[in-house]
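Since the structure comes first, as C-alpha cells, the remarks are kept for the end.
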Amino acid sequence: MSAPPSTSARPRVVTAPDGAGPGPGAAPWWTSAVVYQVYPRSFADSDGDGVGDLRGITSRLDHLADLGVDVVWLSPVYASPQDDNGYDISDYRAVDPAFGTLEDLDALTEGLHARGMKLVMDLVVNHTSDEHPWFVESRSSPSSAKRDWYWWRGPREGMPAGAPGAEPTNWRSHFSGPTWTLDEASGEYYLHLFARKQPDLNWENPQVRAAVHDMMRWWLDRGVDGFRMDVINMISKHVAEDGSLADGRDADPRTGLAGGGEQYLCGPRIHDYLAEMHAEVFAGRPEALLTVGEMPGVTVADAQRFTDPQSAEVDMVFQFEHVDLDHDGSKWRPVPLDLLALKASFGRWQAGLAERGWNSLYWNNHDQPRIVSRWGDDSPEHRAASARCLATLLHLHRGTPYVYQGEELAMANFPWRSAGELRDIESLNHLAEEAGHGADPEEVLARVAVSSRDNARTPVQWDASASAGFTTGEPWIAVNPDHGEWNAEAQRADPTSVLAHYRRLVALRHEWPVVALGDFRMLLPEHEQVYAFTRRLEGADADGRPASDELLVVANVGGTPVDLADLLPEAVGAAELVLGTAHGRDEADVLADPVLAPWEARVLRTA
Ligand code: TEU
C-alpha cells in the first residue's frame, strides 16, 4: 500500500485527548473502523447454481483484507422463502440452503477473525416470513397462543371483511398496496409494512421481545460481532388504549392509501425497546461489538438520543435524509440532486452528532442505486475520477464509513431494457401497480431503471470472464455488460485505480486520528460545485507532546475545472497533500495549482 506522501516536518497527532488510539479511555474501536457490506446473493457463487453463497464469500476474503476493512456486515443468510431476498426469515437459527450451512457460516466467521475482521449479521425482527413457525401458529386460530405475536385486526367498523377499503388502517406498504392482508379463515387482517409475506411482529408482547433477545444472544455466543438492525425504528407502533391503530395523514386520492409513517416510525416505546435489548443482549459482554440501527425517517434529534452512549441503545444509525434528496416524495419520481441541499444535510448531521452520538456514513447499500451513476458521472471520461471524488468526500467526514460491495470498483447501474430483467419485489410490485393504473409501461420502466434496488444487486465484477468470475453457471440476475473493463482483477495492481483509492481511504482513517475524530466544519455552503470542509484535532504527538492537525478537504463535484484561488485561497500552497486524486502529477505541482480538474479531490494538511 502506498503511504500518503509527506513533505511536512511537523509532528502529527497520533493520540487524541480523549484517548483515541491505543490505551486506556480509548474512543470506541468503531470510530476508526470501516465496514464493508456483503449482499450474499450477488457476491460470489462457489457451486455454480448462479446464486452467491457463504463459501463464495470465504473464497474472496483476501479481497476484503487487501482493502483493509475492519468489519463485514452480511445481509441475511437465514432460512427464507426469499420473497425479499432473505429479509423474510422463516428460521432465525438456520442458514438457507441456497447460501450453505451453519458450518459454512462458522468457517466464514473464523476466516474473518483470522484476518482481524469482524462479522456483523443482519437482524430482521420488525417482521418475519409468513412461513415462520411463529406466524404459522399465530394464523392457525384466533385463540392460538401466538395470535398476539403479530398484528391481527378486524375490518374497519361497519365494513365487511375483504371489501375495498375495509383494511383496519389506510397505511401503504413499502412494497405497494395496503399494509393489511385478509386471512379468509378468521376474517381478520394481519399487518405487513412490507410484502404480504412479511408479517410484522408485535413488539408490545413481552414474549416476542424475549424470543428475539434469546436468538440474538445465541448468535453472539456463536461468535458474531454485532448486528445491523433492519428498519428497527418501525417496531413500536402508536396503539390506542383500546388496541386500535389510526389512519395515516394525506391519503393519495388515487389509491386511498397514506404513507402512515407517523403511526409507526420512532413510535412511543422505541427507546424502551432498544434500551431493553441493549440490557438483555449486549450489556456486560466483554467483546468489541457493533450495533447499527437502520432507521428511515429518523431526525437528528432522534439519532442523538439513539446513539448517545448514555442511552445505551445502539452505536450508530443509518439515516435516510441524504438518499431522499434526489426524488420528489416517492423514490419513483427522481429529480436531479441539489448539491447545496446535500451539503446542508451532511453539515446538519455532522453538527448534530458532534457532541453526543455518532454518524454512520454511506452512499450505497443493497437498496440504493450505484453512487457513480447517481451523483457521479459514469461516462468513460469521468467514471473513475467521479468515483474517487465521491469516495474521498464520504470517507473524510466524521463517522463510520460503509462500503457496499462493488462500490470500491466503481460498479455502475445496469442498463435495464425490459421488466423481465428485474428481480426485486419492490420494483416488480411498482411496475404491476402502475400497469393497473394504466400508466405507460415504457415510461414507468425508465423511472424504475434509475431507482431500482436491482442496480445494487447485479453480481460483483471480479474479472473479465463471461460471468465476471461470479459464477460458472447462469447468474440469478444479469451481470453488468461493462465488466470486461470494470472489474477487481483489472484494478488490483493498478495504483491509479478506484480500488487502490478506497484502500488509501481506509488506511487514512486507521492512521490519522484527525480523520476518525477531528471536528468538522463545512466551508462554502452556497457554492454549486465545490464541496469543502475542514477537520481539526488537538492531541499529542508520538512523544506525548501537544500537537494539532487540521485537514482541508476540497472536491470538485462536477465535470468542469474550478479555480480556487479567490474562492478558497487557503487551499493553495498547503503544507502537505495527504491524499489526492490527480495521478501522475508531482505533489508540489498539485499543491501550487489553484485549479481543481473535473471531479478532482484533495485532502490537504494545513496545520
Ligand atoms: O429496507 C428498509 C426500507 O425502508 C426500504 O423500504 C427502503 O426504503 C427501500 O428499500 C428503498 O427503496 C430494509 C432492507 O434494507 C430492505 O432490503 C428490505 O426489503 C426491507 O427493510 C424489509 O426488510
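Keep in mind the model is a prediction, meaning the values are calculated, not measured. Remember, it's 1-based here, ligands and their atoms both numbered in the order they're listed.
- Which parts of ligand 1 touch Pro296 is read off a 4.0 Å heavy-atom cut-off, strictly below it: atoms 4 (O).
- The distance between the ring centers of Tyr404 and Tyr36 does not fall below 6.0 angstrom.
- Only the side chain of Arg453 comes within 4.0 Å of ligand 1, counting heavy atoms alone; its backbone N, CA, C and O stay farther away.
- Among the candidates Thr400, Leu353, Asp315, the single residue satisfying the side chain to side chain contact (heavy atoms under 4.5 Å, CB included) test with Trp358 is Thr400.
- Between the CD atom of Glu276 and the NE2 atom of His278 there is a distance of 13.0 Å, given to the nearest 0.5 Å.
- Between Tyr402 and His395, the gap from one ring centroid to the other reaches at least 6.0 Å.
- Looking only at protein heavy atoms, the nearest one to atom 8 (O) of ligand 1 is Phe320 CE2, 4.1 Å.
- Residue-ligand proximity, His366 to ligand 1, at heavy-atom distances under 4.0 Å covers atoms 14 (C), 15 (O), 16 (C), 17 (O).
- When each atom of ligand 1 is checked for a heavy atom of Glu294 under 4.0 Å away, the hits are 1 (O), 2 (C), 13 (C), 15 (O).
- The protein heavy atom nearest to atom 13 (C) of ligand 1 is Asp230 OD1, 2.9 Å.
- Those atoms of ligand 1 that come under 4.0 Å of a heavy atom in Lys331, given as number and element, are 11 (C), 12 (O).
- Under a cutoff of 6.0 Å and an axis angle of 45°, Arg93 and Trp218 form a cation-pi pair.
- Not less than 6.0 angstrom separates the ring centroid of Tyr39 from the ring centroid of Trp476.
- In summary, the atoms of ligand 1 found under 4.0 Å from a heavy atom of Asp367, numbered by their order in the structure, are 1 (O), 10 (O), 13 (C), 14 (C), 15 (O), 16 (C), 17 (O).
- In this structure, His430 has its ring center at least 6.0 angstrom away from the ring center of Phe175.
- Taking only nitrogen or oxygen atoms, main chain and side chain alike, Glu426 reaches within less than 3.5 Å of ligand 1.
- In this structure, His192 has no heavy atom closer than 4.0 Å to ligand 1.
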(message) Between Arg55 and Asp47, is the salt bridge (charged side-chain N to carboxylate O under 4.0 Å, His left out) condition met? List the steps.
(response) CA-CA 9 Å; Arg55 289 183 180 209; Asp47 60 7; over 6 Å; no
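- Contacts between His430 and ligand 1 below 4.0 angstrom, taking non-hydrogen atoms only, are absent altogether.
- A centroid separation of less than 6.0 Å is found between the aromatic rings of Trp375 and Trp363.
- Numbered from 1 in the order shown, with element, the atoms of ligand 1 that lie under 4.0 Å from a heavy atom of His127 read 22 (C), 23 (O).
- The protein heavy atom nearest to atom 5 (C) of ligand 1 is Phe194 CE2, 4.0 Å.
- In this structure, the protein non-hydrogen atom closest to atom 18 (C) of ligand 1 is Asp84 OD2, 3.3 Å.
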